[in-house]
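Step one of this worksheet: look at the structure below.
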2 protein chains.
Amino acid sequence: MAFPQRVKMSDVARTAGVSVATVSKVVNGRYGVAQATVERVRQVIHQLGYEASLGAQSLRSHRTNVLGILVSEFEPFSTELLKGASREVAGTGYQLLAYSGGDGDGAGIGWERRSLARLSGTLIDGAVIVTPTVVETRQGFHVVAVDPHTGPSGLPTVDSDNFTGAMLATNYLLSLGHRRIAHLSGRPDLESARLREAGFRKAMADAGVPVDERLVRVGGFRVESAAATAAELLALADRPTAVFAGNDLSAISTMDVARSMGLAVPDDLSVIGFDNVPESALVNPPLTTIAQPLQRMGAEAMRLLIDVIGGVERDPHVRLPTELVIRASCAAYPPPPRPGRPVPAATAGDAPPITGG
Amino acid sequence: MAFPQRVKMSDVARTAGVSVATVSKVVNGRYGVAQATVERVRQVIHQLGYEASLGAQSLRSHRTNVLGILVSEFEPFSTELLKGASREVAGTGYQLLAYSGGDGDGAGIGWERRSLARLSGTLIDGAVIVTPTVVETRQGFHVVAVDPHTGPSGLPTVDSDNFTGAMLATNYLLSLGHRRIAHLSGRPDLESARLREAGFRKAMADAGVPVDERLVRVGGFRVESAAATAAELLALADRPTAVFAGNDLSAISTMDVARSMGLAVPDDLSVIGFDNVPESALVNPPLTTIAQPLQRMGAEAMRLLIDVIGGVERDPHVRLPTELVIRASCAAYPPPPRPGRPVPAATAGDAPPITGG
DNA sequence: ATGAAAGCGCTAACAG
DNA sequence: CTGTTAGCGCTTTCAT
């Protein structure tokens, strides 16, 4: 058997001695084809290894049984969602197509609009879009957003309880005795970033600790921008003793910056993150963070999308709980007396139980 | 502004007062369009937010600037490759489309042929396919395989040094004093699995330790199949004191089975894996394993694909090094004396330095 | 410089 | 039951 070029429907038709229309009917299980013909065509399809072209098929039929998940790039956050999405989609008859539409520099505002425009209407029956940069609804196409943009949008969404999570993080730092706590906030356009900052402020207020506004700065959720901001923060004369980073990537970035400035984590600086991507456990020291159930979020998003497509009546917003994961990047302040280390004159903060979620 | 339906080229043409042919020329930067017209059309495109339909475009032009990465499902192994692939593709002008073509049950032999047939010729300009189940070459379409199938195939490939990695793993176990070492082998159709078993046997032979054939069984690289085989192995009267699992998933599965049988890891059983997926560090105890540079493999595969498409002359096979990552799932055998625990009558094996990679 | 028209591989009426 | 026909949205000759 020679290497076939791409085998198309017309090849099958010719070989089976029928028209392409008949082959199409067989492929799509339409009624009105003689049993014998069906068998023969099936036979040929198998023998030739024919598979319908997604492009041509969807161009015509607007139905593909393929669901899209649109991300800016494949990084730890989105790939965790992907794992959950993949699991949820298995066995539903849908296939998953993940599309990375960003420019790679993260500056690609509007990537999701472009990606959506390129793929919707053809290729995919619906899409979940991850941390979109703009709000836009398009009629007649099914979309659900994970970790949505700020502001009202008609979209179905799935996110986690960012506000409570942020309070958890802040309270933990407070319970360790920290008072000069910085917040490296995320992408200002994302609702999640806004809520994390709000939770931070609420926890501080509840504890009666005033927020030093110079310690609240945009980190932008990305490595480079977070590193720049972290550097500013740590260069301050009265630098913070702890930082609550908007996400794990920023937290890890902050730890790197601290190290390069000669500061030890957690001895000289406590750092807490948000997300609990697998990478957060792999760094040194392992990162204390707020866990979002990332894989479950991906799965819920797919479930929601499938339900929306299927016209199922249901709550179009799902919010999942967050929880504190204590590892090793946070320490008590002031540090307990150690041999050879001067002891600050304050009393150590005690550690009341942490609750929430 | 009302919610637009999908805006198509004809909409742009009508609004700009030109034909679709002209719009197409502008979109594709063809010569022979008046500068003034170009400007006007660009203007309208921007204003309407037009984006070409991938489906229609590729159906006609067979060039899309989209590269595919085809996987059976999105699990830790493939998503690590994805991260590296994504990074490599950024800035090349290509976009990445990841397609999960498996049935989800892992039994989908031939998924890559189906996926390839559906997407190639249209939609994508080339593809890297991950752990393919069959060997097949198709003329005129560019494919590179990661962790390829056994047997010769004309495909460009990227993999890691599985043989040396397996020797590393086995030697480490031997150095800890283990002699009854089991091997939970991988998917028999994959070259990587074959090489890992070969490396295991070589290391055993080099050490003069005979392989008990009852301790070498197929685990299949997947959770369920590995669990079943692990259960058989551990139920043996003279069960192994250590198992070298074909990959991390099997290793983790083995630890679960051991735990459920009342065996402690690493005290009663040492387990070593292969891959070093992030999850391997997160389990309890953290898994000792052989690291493959997964993200780099993904990146190299994309580089190779881009070079192949571009007609660059180069070595079509890249093999990356593996290395031992010691965590906490392996212990010395026999165990050193401990209070309240009977001491076996043998001498503890010492631990010579490990080399290789 | 521009547009009319053909056709990529497929599906969906409609006729026969 | 089967084939003919007309597009889906786009690119590409080829006239004008």
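The structure displayed is predicted, hence computed values, not measured ones. Lettering of chains follows the sequences in order, A, B, ..., and the numbering in each one begins at 1.
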Partners meeting salt bridge (Lys or Arg N to Asp or Glu O under 4.0 Å) with [X] (sequence neighbours left out):
X	value
B:R42	none
A:E75	none
A:R303	A:E88, A:D307
B:R30	none

Output all residues satisfying side-chain hydrogen bond (donor to acceptor under 3.5 Å, both in side chains) with [X], sequence neighbours left out; order by chain, then residue number.
X	answer
B:K83	A:E279, B:E80
B:R319	B:D159
A:S225	none
B:T15	none

Whole angstrom is fine here: how far is it from [atom1] in [X] over to [atom2] in [N]?
X	N	atom1	atom2	result
A:H62	C:dT11	NE2	P	13 Å
A:L59	C:dC8	CG	C1'	9 Å
A:Q57	C:dG9	CD	C1'	10 Å

Rounding to 10°, can you tell me the angle the first-five-pair axis of the helix from C:dA1-D:dT16 to C:dG16-D:dC1 makes with its last-five-pair axis?
50°

Give A:V18 one of three labels, base, sugar-phosphate or nothing, depending on what nucleic acid heavy atoms sit under 4.0 Å from its own.
sugar-phosphate

Please list, for nucleotides 12-16 of chain C, all pairs of protein and nucleotide N/O atoms separated by less than 3.5 Å.
unit_1	atom_1	unit_2	atom_2	d
C:dA12	OP2	A:R30	NH2	3.4

One should read off an interatomic distance between A:F141 CZ and A:S120 OG, to the nearest 0.5 angstrom, of 5.0 Å

Could you check whether [Y] and [X], counting side-chain N and O atoms only, form a donor-acceptor pair closer than 3.5 Å?
X	Y	answer
B:E39	B:Q43	no
A:Q95	B:R118	no
B:D147	B:T131	no

First-last contacting nucleotides on DNA chain D - partner chain A, under 4.0 angstrom, heavy atom
D:dC1 to D:dG9

Kindly indicate, with the supporting measurements, whether the criterion salt bridge (Lys or Arg N to Asp or Glu O under 4.0 Å) is fulfilled by A:D11 and A:K8.
CA-CA 5 Å; A:D11 297 323; A:K8 55 191 73 162; 5.6 Å; no

C:dT2 OP1/OP2 closer than 4.0 Å to side-chain N/O of B:Y31:
no

Give, ordered by number, those residues of residues 33-42 of chain B having at least one heavy-atom distance below 4.0 Å to an atom of DNA chain C; if nothing qualifies, reply none.
B:V33, B:A34, B:T37

